[in-house]
Number of protein chains: 2
Amino acid sequence: MARASDKLIEQLKQEIFSGLLKPGDQLEEADLAVRFNVSRTPIREAIRSLVDNGLLETRSRKGAIVRVLNAKELNDLFEVAAELEGMACRLASERLTQSNKKIIKASLDLCQAAAQVEDIPGYAEANLAFHGAIHEASENDWLTDQLSQIQARINVYRLMPYEIVGRLEKSLVEHQKISEAIFAKDGLSANSLMRDHMMLQGARLPSLLRALV
Amino acid sequence: MARASDKLIEQLKQEIFSGLLKPGDQLEEADLAVRFNVSRTPIREAIRSLVDNGLLETRSRKGAIVRVLNAKELNDLFEVAAELEGMACRLASERLTQSNKKIIKASLDLCQAAAQVEDIPGYAEANLAFHGAIHEASENDWLTDQLSQIQARINVYRLMPYEIVGRLEKSLVEHQKISEAIFAKDGLSANSLMRDHMMLQGARLPSLLRALV
DNA sequence: ATTAATTTATATGGATACATATATCAACTA
DNA sequence: TAGTTGATATATGTATCCATATAAATTAAT
């Protein structure tokens with residue numbers, strides 16, 4: 001039997017990522033205990049975990065709130081994300097196996113299919129698959145781990161209604177170029193192409209923040 | 001008043017980093033509760049935190065043990081550390097302020113002083129100061145945070161008696177070159193010099209692991 | 001009427017009591 | 001003698017209880 005707190009962690013993460021819990025929202029242990037029909041103990045453990053994870057923050061005796069990232073913090077986060085994504089591309093170039101190549105290609109096809117019919121949620125999913133495929137191809141588990149954590153953090157700020165006028169097409173082209181560089185084992189190009197790709201996302205941050213209310 | 005679990009976390013970290021608790025050692029909640037004269041509750045919170053931090057690991061109903069990193073995991077960790085340290089150098093080159101420059105210089109002097117008299121613990125401390133100064137100069141708080149966490153992890157494996165025959169001198173020269181590149185605002189060189197510097201450390205891993213018993 | 005102080009309520013931090021799963025050891029059978 | 005099964009013990013997981021700090025509200029004083 002899985003621990004109750006583990007389920008709670010997943011559930012709360014979902015609620016944060018889905019936007020149900022918005023940055024700044026307060027979490028009260030007693031309320032959560034009633035909602036999830038468990039005692040306060042596993043609730044407290046889950047909250048602690050999420051605090052350590054950086055998704056919540058606490059002030060002494062003031063309970064936990066969903067952490068709010070300001071513009072600089074988000075920018076810093078994106079910079080690190082861009083660097084590590086670029087690193088993954090470099091390593092993938094150096095260590096590419098046939099099977100990983102296939103997986104990257106498949107995810108790229110998904111991106112293309114979604115882009116053609118302008119299926120935005122579909123593209124978002126395919127996009128994650130594409131990046132995930134590259135992470136795996138890096139063969140560095142620590143890196144893969146870090147990136148999935150960072151991605152989770154970024155996703156909190158990504159799901160709000162955002163206009164992607166023509167951005168799907170551009171993103172797809174960038175993906176294609178990145179893949180080509182990896183397949184050509186050109187780690188240097190793959191690295192910088194991915195970094196640029198990520199930084200373009202990051203450049204949209206200010207408008208995201210404004211949308212945040 | 002600080003929370004009891006916070007103090008426990010620091011204490012347990014110290015014991016892990018100091019080698020008192022070795023990888024594989026089991027931590028029993030009741031024992032710790034007696035040792036620290038608190039109830040099991042803060043003990044459990046501390047353990048959870050350390051598990052999330054990656055310093056401990058748990059299996060269902062089997063309690064917590066000090067996490068053991070195998071050769072590949074350590075290698076993966078070093079690769080990421082090297083990349084992020086390099087990134088810090090690049091950013092420091094781009095954003096260097098006069099005050100940060102002074103701090104880097106000061107830490108470099110500490111390294112030199114320690115190296116001249118072959119003061120190994122002194123050099124280790126100066127080394128941390130040097131890297132820390134560069135982290136700060138990157139002006140990226142997220143990066144600084146990640147690096148300090150990674151450094152803590154690496155330190156667990158670093159404190160065992162390791163021979164540094166002539167390594168102090170070499171390390172110092174590398175530090176000097178890195179600083180020069182940063183001061184010349186040559187981010188590209190600073191990045192790769194630091195990456196190489198870190199990877200040299202990483203290359204000593206196999207012997208470290210053998211020393212681990 | 002406004003502000004400050006005291007009291008009261010409530011939510012977090014910590015201790016303890018209780019439930020349950022796993023491991024160890026012993027006994028019995030093949 | 002070796003292996004399997006069952007009972008007991010122990011450590012983890014959960015619930016609840018108690019203490020205390022903080023916040024809110026009410027009252028009193030200027």
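In what follows, chains are A, B, ... by sequence order, proteins preceding strands, each numbered from 1.
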Just one of Thr144(B), Asn100(B), Leu84(B), Leu96(B) clears the side chain to side chain contact (heavy atoms under 4.5 Å, CB included) bar with Ser138(B), so which one? Thr144(B)

Among Leu50(B), Ile65(B), Asp25(B), which one satisfies side chain to side chain contact (heavy atoms under 4.5 Å, CB included) with Leu56(B)? Leu50(B)

May I have the distance from Glu45(B) (atom CD) to dG13(C) (atom P), rounded to whole angstrom? 8 Å

Below 30° counts as parallel, above 60° as perpendicular, anything between as tilted: where do the rings of His175(B) and His197(B) land? perpendicular

Whole Å only: how far is the CZ atom of Arg3(A) from the P atom of dT12(D)? 11 Å

Write down the distance between CD (Gln26(A)) and P (dT12(C)), rounded to a whole number of angstrom. 7 Å

Whole-Å gap separating P (dA11(D)) and NZ (Lys62(B)): 14 Å

For Cys111(A) against Asn127(A), the heavy-atom pair lying closest together: SG-N, 4.0 Å

Arg90(B)/Glu94(B) under salt bridge (charged side-chain N to carboxylate O under 4.0 Å, His left out): CA gap, chis, key distance, verdict: CA-CA 6 Å; Arg90(B) 176 172 62 79; Glu94(B) 296 169 2; 3.4 Å; yes

What integer distance in Å separates Arg48(B):CZ from dG13(C):C1'? 17 Å

Given atom CD1 of Ile47(A) and atom P of dA11(C), what is their separation to the nearest angstrom? 13 Å

Applying side-chain contact (heavy atoms from CB on, under 4.5 Å) to Ala30(B) and not counting sequence neighbours gives none

Taking only heavy atoms on the protein side, list every residue of residues 27-43 of chain A lying under 4.0 Å from any atom of DNA chain C, sorted numerically. Leu27(A), Glu28(A), Glu29(A), Arg40(A)

Measure the distance from CG on Leu56(A) to P on dT12(C) and round it to the nearest whole Å. 12 Å

Between atom CD1 in Ile65(A) and atom P in dA23(D), what is the gap in whole Å? 13 Å

